[in-house]
Protein chains: 2
Amino acid sequence: MLISEFALKTGLSRETVRFYVRLGLLHPQTTLKGGRNPYQLFRPEDVATAELIRIGQALGLSLKEIAALMEKRRKGKLPLKGRIEMMRAQLARLNRKAVELDRLRAYVRAKIEWQEDGEKGPEPTLELAT
Amino acid sequence: MLISEFALKTGLSRETVRFYVRLGLLHPQTTLKGGRNPYQLFRPEDVATAELIRIGQALGLSLKEIAALMEKRRKGKLPLKGRIEMMRAQLARLNRKAVELDRLRAYVRAKIEWQEDGEKGPEPTLELAT
DNA sequence: GATAACTGTGGAGTGAACTACATGGTCAAT
DNA sequence: ATTGACCATGTAGTTCACTCCACAGTTATC
């Protein structure tokens, strides 16, 4: 598919798509069409990649970080041990994030209950991580 | 407490604290100290406010949005029902985020196992949200 | 073959959220 | 009274993630 269709499918603007390509987040193929400035051809897997970008962003990763992770994966140059090592690090990060998120959720839940209870007892607090 | 102590307590830099004050996110009192440029006095509730800012950011709210919400709360214009409603919406947002995070974690864990297993069987995939 | 609807490149601009000075006033301790 | 650790203001710079635009080539449609 061409860029406009891809943009429509992913909900991104054409400009943003080109921006992502420049950053190396997307790797469309080049068509024979377009002469000196060949058109970019996007495949279904690129749509999946866009989805991954969205998720990464939702998790608070920067585009640079996302690009770096994808580059490593894409090259597959890492030996098995290295790949696993990398994914463990990623997982650890995700886990830390999950813990933080859970803490936040518990806090908000407690606060709602506390308010429904007429604000009796001590107001729930969110202790900062040390 | 003065700005340095406050910054330490909240994990923010002094510059960031001043930035937040400029944006109206924090409302320190003014001391008698400091002459023409009076020192800012932060109270424990300001530390709580800083925590709220952190939460809001984790939820993907902009500082502007956070400021707007706080302004509403500060003015006490929201009735109890409204406050609870707001927190429920916040909680729902957090929950969606947690689900996404769990999905991603499961994916990474599966991938690690798959690799440790010699990449036998189908490569785990991250089904896209519909 | 004119024209509308695409495509590309290059570069500048925007808004958000900091971050880094330079400059100068204030305070506590010696 | 000087020194060092604070404080404030103001302005400028940075990074990130887009976003806009002018200009030009290409393709599809009538």
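Letters A, B, ... mirror the listed sequences (proteins, then strands); counts begin at 1.
The side chain of A:Tyr20 approaches D:dC18 more closely than any other nucleotide in the set C:dA16, D:dT9, D:dC18. Counting only heavy atoms from C-beta on, B:Gln40 has its side chain closest to D:dA8 among D:dA8, D:dC16, D:dG25. Nearest nucleotide to the B:Ser62 side chain, out of D:dT19, C:dC18, C:dA16: C:dA16. Distance from the side chain of A:Tyr39 is smallest for D:dT27 among the nucleotides C:dT9, D:dT27, C:dG25.
Judged by closest nucleotide on DNA chain D, A:Thr16 is the one of A:Lys33 and A:Thr16 placed further toward the 5' end.
With rounding to whole Å, A:Arg22 atom CZ is found 10 Å from D:dT19 atom C1'. For the pair A:Leu32 CG and C:dG8 P, the interatomic distance rounds to 14 Å; values are reported in whole Å. B:Leu26 has its CG atom 14 Å from the C1' atom of C:dA17, to the nearest Å. Rounding to whole angstrom units, CZ of residue A:Phe19 and P of C:dG13 are separated by 17 Å. The CG-P distance, from B:Leu63 to D:dC16, rounds to 18 Å in whole Å. B:Arg18 has its CZ atom 13 Å from the P atom of C:dA20, to the nearest Å. Atom CG of A:Leu41 and atom C1' of C:dT7 are 13 Å apart (whole Å). Rounded to a whole Å, the CG atom of A:Leu23 is 14 Å from the C1' atom of D:dT19.
If you check every strand for non-hydrogen atoms under 4.0 Å, A:Leu2 touches sugar and phosphate atoms only. When heavy atoms are screened at a 4.0 angstrom cut-off, B:Ile3 is found touching the sugar-phosphate backbone but no base atom. Residue A:Arg14 is in sugar-phosphate contact alone, with no base atom involved, counting any heavy-atom pair closer than 4.0 Å across all strands shown. Among the heavy atoms of the strands, none lies under 4.0 Å from A:Glu5.
The base of C:dC18 does not come close enough to the side chain of B:Glu15 for any donor and acceptor atom to sit less than 3.5 Å apart.
No side-chain donor-acceptor contact under 3.5 Å links A:Gln115 to the backbone of A:Ile112. Looking at A:Thr31, its side chain does come within 3.5 Å of a backbone N or O of A:Tyr39 through a donor-acceptor pair.
With salt bridges taken as basic N to acidic carboxylate O contacts below 4.0 Å, one links A:Lys9 and A:Glu5. Ion pairing of B:Lys81 with A:Glu116 is absent here, as no side-chain N (NZ or NE/NH1/NH2) approaches a carboxylate O to less than 4.0 Å.
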task: Run the numbers on A:Leu12 and A:Phe19 for side-chain contact (heavy atoms from CB on, under 4.5 Å), then give the verdict.
output: CA-CA 11 Å; A:Leu12 302 170; A:Phe19 179 63; over 6 Å; no

